[in-house]
There are 2 protein chains.
Amino acid sequence: MEQRDRTLLEAKASVLKALGHPTRLWLAEQLADGEKCVCQLAESIDADISTVSKHLAILRIAGVVSVEKRGKQVYYRIKVPCILQYMPCIEAVIRAQAQEQIACLN
Amino acid sequence: MEQRDRTLLEAKASVLKALGHPTRLWLAEQLADGEKCVCQLAESIDADISTVSKHLAILRIAGVVSVEKRGKQVYYRIKVPCILQYMPCIEAVIRAQAQEQIACLN
DNA sequence: TGCACACATGGTAGAATAACCATATATGCG
DNA sequence: CGCATATATGGTTATTCTACCATGTGTGCA
């Protein structure tokens, strides 16, 4: 494989990896309908604010979200909204897997 | 968050996580145009066959690929093809990120 | 039956991850 | 200025991941 392809591959994997954590996926989904500040995100989740902040940093570095500081708050938003359109397909994968496991029991 | 939602969230994250590794993403892409056996996949990559086999097992457990044994070979194929349709969007994330980083240098 | 091939699985060491706590930084208000 | 609020960052520890090697299992052929 060429270096160029390998670099692109790693970049794509890192985006998927960033979304491949329950908390980060939840954060991304929370931002689906508009920007939110860290405090809004943190209050509805049972985790330390520093943990939420670090997860958001990972999403930011991966390019999934963008940041804007306004006053005391830092607002995050989805940068490329199409990634959320991916979820129905992901759910289809889960359904297919569940059906297969049920079939194994018969 | 309800338990049901949390379970679904974790399931979705695990699918994305499975794809969030360069080797596994490459394997999935190799299967885009039809099934391949482990030997075909392993010969074009610089990794131990056991490593490839374990990555394929992770993809299988996540529900991304399905398996069929025929003779001595084991053939893998993409189970829910839509998962590969989102790569252009993932690439868009990468481009947006790259452009932003260039802009930071100005 | 025995051997070679194709995979899978167990074991292990090193790297990466993730959660928390503590602390630093920046902002607005009194 | 001094203080409270909002985030980010550094440190630490436990867990998880990943790659390799070694070995086990199943299949077809001589």
Side-chain angles (χ1 to χ4, degrees), chain A residues 1 6 9-28 30-31 34-77 79 104, chain B residues 1 6 9-28 30-31 34-77 79 104:
Chain A
M1 185 161 23
R6 166 152 292 280
L9 187 65
E10 286 173 359
K12 286 190 288 185
S14 71
V15 172
L16 291 164
K17 185 178 179 180
L19 290 169
H21 185 285
T23 301
R24 290 196 292 269
L25 184 56
W26 180 85
L27 288 167
Q30 292 302 303
L31 299 176
E35 65 175 22
K36 287 191 171 62
C37 68
V38 181
C39 53
Q40 288 174 293
L41 294 167
E43 77 178 3
S44 22
I45 197 177
D46 181 28
D48 200 276
I49 291 182
S50 72
T51 300
V52 174
S53 179
K54 281 183 180 174
H55 280 307
L56 287 166
I58 290 168
L59 288 171
R60 178 173 47 76
I61 291 166
V64 174
V65 301
S66 59
V67 169
E68 188 185 349
K69 183 165 187 175
R70 288 204 305 274
K72 275 195 294 188
Q73 281 96 358
V74 176
Y75 290 88
Y76 283 83
R77 81 188 58 167
K79 203 169 168 186
C104 285
Chain B
M1 186 164 18
R6 165 153 293 281
L9 188 64
E10 286 174 359
K12 287 190 287 186
S14 70
V15 173
L16 291 164
K17 185 178 180 182
L19 291 169
H21 184 284
T23 300
R24 291 195 292 267
L25 184 56
W26 179 83
L27 288 168
Q30 292 302 303
L31 299 176
E35 65 176 19
K36 286 191 173 63
C37 67
V38 182
C39 54
Q40 288 175 294
L41 294 166
E43 77 178 2
S44 23
I45 196 178
D46 182 26
D48 200 276
I49 291 182
S50 71
T51 301
V52 174
S53 178
K54 281 184 181 173
H55 280 307
L56 287 166
I58 291 169
L59 289 171
R60 178 173 49 77
I61 292 167
V64 174
V65 300
S66 59
V67 170
E68 187 185 349
K69 184 166 186 175
R70 289 204 304 275
K72 274 198 294 187
Q73 279 96 2
V74 177
Y75 289 88
Y76 284 84
R77 78 188 59 165
K79 202 167 167 186
C104 284

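If you're wondering where the values come from, they're calculated on a predicted model, not measured in any experiment. By convention in this document, chain letters (A, B, ...) are assigned in the order of the sequence lines, proteins followed by strands, and residues within each chain are numbered from 1.
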- How many angstroms lie between atom SG of B:C37 and atom CZ of B:R70, to the nearest 0.5 angstrom? 9.5 Å

- Message: Looking at every non-hydrogen atom in both residues, tell me the closest pair between A:P22 and B:E10 and how far apart they are.
- Response: CG-CG, 3.7 Å

- Message: Please report the distance, rounded to the nearest Å, between CG in B:L16 and P in C:dT17.
- Response: 16 Å

- Between B:E10 (CD) and C:dA18 (P), how many Å, whole number? 13 Å

- Task: Determine whether A:R77 and A:L31 make a side-chain contact, defined as any pair of heavy atoms from C-beta on separated by less than 4.5 Å.
- Result: no

- Task: Please determine if a side-chain N or O atom of A:S53 lies less than 4.0 Å away from the OP1 or OP2 oxygen of D:dA8.
- Result: yes

- Query: Does atom CD1 of B:I45 have more than 12 heavy-atom neighbours from other groups under 6.0 Å away?
  - Reply: yes

- What are the residues of residues 59-77 of chain B, sorted by number, that bring a heavy atom to within less than 4.0 Å of DNA chain C? B:K72, B:Q73, B:V74, B:Y76

- Message: Are the side chains of B:H55 and B:L59 in contact, using a 4.5 Å heavy-atom criterion?
- Response: no

- Starting at CD1 of A:I49 and ending at C1' of C:dT23, how long is that distance when rounded to a whole Å? 15 Å

- Query: Atom CD of A:Q40 and atom P of D:dA6: how far apart are they, to the nearest Å?
  - Reply: 11 Å

- Heavy atoms, side chains only, cut-off 4.5 Å: are B:Q40 and B:Y76 in contact? no

- Taking protein heavy atoms under 4.0 Å as touching, what does nucleotides 10-20 of chain D look like 5' to 3' if B marks base contact, S marks sugar-phosphate-only contact and - marks none? BB-----SSSB

- Starting at CD1 of A:I45 and ending at C1' of C:dC20, how long is that distance when rounded to a whole Å? 14 Å

- For B:A62 and B:S14, work out which heavy atoms get closest and say how close. CB-O, 4.3 Å

- Should the heavy atoms of other residues, nucleotides or ligands under 6.0 Å from CG of A:L9 be counted, would the total exceed 12? yes

